[in-house]
> 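I'd like to ask you about the structure that follows.
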Amino acid sequence: MSRHYPAHMLIKHGSIYLLARVIAGAVNFSTIILYTHLLTPEEYGKYTLIIVAIGIINNIVTGSLSEGIVRFYPTYQSNPDRLFSLTNTILLSSWILFAFLSVLALLVLDKQWSYLVGLAILIFWFQSQSDVNLHILRIRLLPKVFVIISIFRAMSIFAIGGLCVWLGWGAAGALIGYLTGVVISSLIGSRGNCLRIDFGALCTPNAYKLYVYTVPILINSLFMMLISFTDRFIINKILGTAQVGIYSAACDITQQTLGVFLYAISNATTPLVLNAAHHNDMRSLSQYMRENFALIVSVGTCAVVLFWKFIPNLMVYVVGQSYHSNISTLMPLAACAALLYSLRTHHFALPLAIAYQSRRLIYGAITGLFINLLLNFTLIPRFGLVGAGIAAAATQFVVLAITYVQSRLLMPTVEKSDLVKILMSGLLLTGLLHIPVPPDWVAQLIRLTVSVGVYLLALGIMNVAGWRQRLWR
C-alpha cells in the first residue's frame with residue numbers, strides 16, 4: 001500500500017532543518033572567524049589537518065553506514081534495535097582500527113603531533129556516534145530533536161574551543177573544543193537508542209545486505225573525501241602548514257556558509273525521496289526529485305554569485321589579517337566546488353541508491369581522484385593556493401558529469417526548463433550586483449538586498465519547479 005506524504009511536508013521539514021543549519025552554521029562560522037584572530041595560520045593549519053584526517057576516516061565509516069541506515073530503516077521499523085546493535089558494533093570495530101592506525105602514525109610523526117593525535121582518537125569515537133545519531137533522527141522524521149543537538153554541538157565547540165584557544169593552547173585548544181561538542185552531541189543523541197554491542201551481528205544475513213549496499217558507498221566516500229581534502233596535504237608538502245591554514249580558512253568559511261542551506265535541503269528531501277521510492281509512490285518521487293534539484297541549483301547559483309561579487313569584500317574586514325591572501329579568488333572557486341559536490345551527492349546519486357546501484361558511483365570517484373591529484377601537483381607549484389581551488393572545482397565538475405550520465409539512465413533527474421530559468425535568474429542577479437553604488441556599506445547592503453529579492457522574485461515569476469502554484473494552494 002502506498003504511503004502518502006503531504007506536499008507541505010517538504011517545506012515544513014526543510015524549514016526546520018534550515019533553522020538548525022542557520023543557527024549552527026552561524027555559530028560554526030563565528031568559530032572559524034574567532035580562530036583566524038586567535039590562531040596563527042600554522043596553528044590553524046595543524047588543527048585543519050587533524051580534523052580533515054578524522055573527517056576522511058569518519059566519513060568513510062559513518063557516511064556509508066548512515067546511508068545504509070537511511071535506506072534500510074523502513075525494513076527494520078518493527079524492531080529497530082537490531083539495526084542499532086549492528087551499527088554500534090561496526091562503529092566500535094572501526095574505532096579500534098582507527099586507534100591502532102593512529103598509534104602507528106605516532107611512530108613517524110614529530111613529538112609535537114602526539115597530543116593532537118591522542119585527541120583525534122577520542123574525537124573520532126564520539127563524532128562517529130554523533131553523526132549516526134543525527135541520521136537516525138532524520139529517518140525517524142524528528143527534525144526538532146535534530147535542531148537541538150546540532151545547536152548544542154556548535155555552541156559547545158565555539159565556547160570551549162574559543163576559551164581554550166584564548167588561553168594559549170593553540171591547535172590543541174581548538175581540538176578540545178571540538179571534542180567537547182561531539183561528546184555532548186553523542187550523549188544527547190544516544191538517548192532512547194539501543195547501545196548493545198553484538199559482534200555476532202556482523203555475520204547475519206541482514207548485515208550482509210547492509211554490506212552489499214554500503215561497501216560501494218564506503219569506497220565512493222573514501223575517494224570523494226580524498227578528492228575534497230588531499231589538496232590540504234599537498235599544500236602542506238609543497239607550500240607549508242601556514243598556507244594550509246590560509247587556504248582552509250577561506251574554504252571553510254565558504255563551505256560552512258553554503259553548506260547551511262545545501263545540507264538543509266538534503267536533510268529535508270532525502271528521507272522523503274527514499275520513502276516515496278520504498279512505497280512505490282512514483283508521483284511523489286518525481287515531484288520531490290524535481291524540487292530537490294531546483295532547490296540545490298537555485299540556492300547554489302545565488303551563493304556562487306555572492307561569493308564572487310560581494311562576500312570576499314566583506315570578509316576582508318572580518319577574518320584575521322594573516323588570512324587575507326587570495327581570499328577573493330578562493331571563495332568563489334570553493335563555492336563552485338561545494339555546489340557541484342552537493343548536486344552530485346544529494347541529487348544525482350539518489351537514483352543509484354534507489355536502484356541499489358551505488359557501486360556505479362565508484363567509477364566517477366576513482367576518475368575524479370586521478371584528475372584531482374594530477375591537477376593539484378600541476379597547478380599548486382605554479383599558481384599556489386589558487387591552483388588548488390581551480391583543481392577542486394574542475395574535479396567536482398568531472399565527477400558530477402559522470403554521475404549525471406549514470407543517473408539519467410535510471411530516471412529523469414533534471415527538468416531542463418527549471419535549469420534554464422534558474423540560470424537566467426542568476427544572470428539577472430549578477431547584472432544587478434554590477435550596478436555602481438556609493439562605496440559606503442549602507443548602499444552596498446541595499447544593493448545586495450534588492451538584488452537577492454529580485455532574484456527570488458524572478459524564480460517565482462518563472463514558476464521554477466511549480467513553486468508558485470504550490471505556495472498559492
Side-chain angles (χ1 to χ4, degrees), residues 2-5 7 9-10 13-14 59 63-75 135 138-139 209-224 227 262-300 339-368 396-419 422 464-466:
S2 175
R3 184 177 179 181
H4 178 67
Y5 287 88
M9 184 176 288
L10 176 61
H13 282 200
N59 191 269
S64 57
L65 184 59
S66 297
E67 291 297 329
I69 293 173
V70 171
R71 188 68 184 89
F72 287 100
Y73 185 81
T75 307
H135 277 77
R138 284 177 57 204
I139 197 60
K209 292 180 181 178
L210 185 66
Y211 302 151
V212 170
Y213 179 77
T214 59
V215 166
I217 299 177
L218 184 152
I219 298 173
N220 172 70
S221 296
L222 169 61
F223 286 116
M224 291 306 296
I227 288 172
L262 296 180
Y263 280 105
I265 295 169
S266 172
N267 286 334
T269 57
T270 300
L272 299 179
V273 167
L274 294 179
N275 271 293
H278 179 75
H279 295 283
N280 202 31
D281 186 353
M282 303 310 296
R283 181 178 179 182
S284 295
L285 174 62
S286 177
Q287 182 59 35
Y288 288 145
M289 287 292 290
R290 182 185 180 188
E291 291 190 22
N292 186 48
F293 176 79
L295 282 169
I296 292 174
V297 177
S298 58
V299 170
L339 171 58
L340 295 171
Y341 174 85
S342 182
L343 261 179
R344 191 253 187 184
T345 304
H346 303 309
H347 183 72
F348 291 112
L350 289 178
L352 299 175
I354 292 170
Y356 294 95
Q357 296 185 25
S358 298
R359 63 185 181 278
R360 297 174 65 184
L361 293 171
I362 298 173
Y363 306 136
I366 293 176
T367 303
Q396 294 296 348
F397 178 80
V398 171
V399 177
L400 171 63
I402 294 173
T403 308
Y404 165 71
V405 173
Q406 294 172 327
S407 65
R408 69 178 296 191
L409 298 176
L410 299 174
M411 69 171 64
T413 53
V414 176
E415 182 67 40
K416 294 181 180 178
S417 62
D418 289 339
L419 178 60
I422 294 170
V464 174

> As a quick check of understanding, evaluate side-chain contact (heavy atoms from CB on, under 4.5 Å) for Val297 and His347, giving each step before the final call.
CA-CA 10 Å; Val297 177; His347 183 72; over 6 Å; no

> Check Val273 against Tyr288 and note the closest heavy-atom contact, atom names and distance.
CG2-CB, 3.7 Å

> Under the side-chain contact (heavy atoms from CB on, under 4.5 Å) rule, what do Val399 and Tyr341 come out as? Steps first, then yes or no, please.
CA-CA 8 Å; Val399 177; Tyr341 174 85; over 6 Å; no

> Just jot down the side-chain hydrogen bond (donor to acceptor under 3.5 Å, both in side chains) partners of Thr345, sequence neighbours excluded, or say none.
none

> Any side-chain to backbone donor/acceptor pair from Gln406 onto Arg360? Under 3.5 Å, distance only.
yes

> Can you list the steps and then say if His346 with Leu262 is a side-chain contact (heavy atoms from CB on, under 4.5 Å)?
CA-CA 9 Å; His346 303 309; Leu262 296 180; 5.6 Å; no

> Which atoms form the tightest heavy-atom contact between Ala349 and Thr403, and what is the distance?
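That would be N-CG2, 4.2 Å.
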
> What pair of heavy atoms forms the shortest contact from Ala277 to Ile354, and how long is it?
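That would be CB-CG2, 3.7 Å.
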
> Looking only at non-hydrogen atoms, find the nearest pair between Ala365 and Arg344 and report the distance.
N-NH2, 4.0 Å

> Once side-chain contact (heavy atoms from CB on, under 4.5 Å) is applied, do any residues pair with Ala294, and if so which ones, sequence neighbours excluded?
Ile422, Val464, Ala465, Trp467

> Specify the closest pair of heavy atoms between Phe397 and Leu340, including all atoms of both residues, with the distance to one decimal.
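Where Phe397 meets Leu340 most closely, the heavy atoms are N-CD1, 3.7 Å.
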
> Enumerate the residue pairs fulfilling salt bridge (charged side-chain N to carboxylate O under 4.0 Å, His left out) with a member in residues 401-419, sequence neighbours excluded, ordered by first and then second residue.
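Applying salt bridge (charged side-chain N to carboxylate O under 4.0 Å, His left out) to every pair that reaches into residues 401-419, excluding sequence neighbours, yields Arg290-Asp418.
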
> Looking at Tyr363, is its backbone amide N or carbonyl O close enough to the side chain of Thr367 to form a donor-acceptor pair, meaning the two atoms are under 3.5 Å apart?
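Yes; judged by distance alone, with no hydrogens or angles, the pair exists.
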
> Carefully, step by step, assess Leu350 and Asn292 under the rule side-chain contact (heavy atoms from CB on, under 4.5 Å).
CA-CA 11 Å; Leu350 289 178; Asn292 186 48; 4.0 Å; yes

> May I ask you to decide if Tyr404's main-chain N or O and Ser407's side chain share a donor-acceptor pair within less than 3.5 Å?
yes

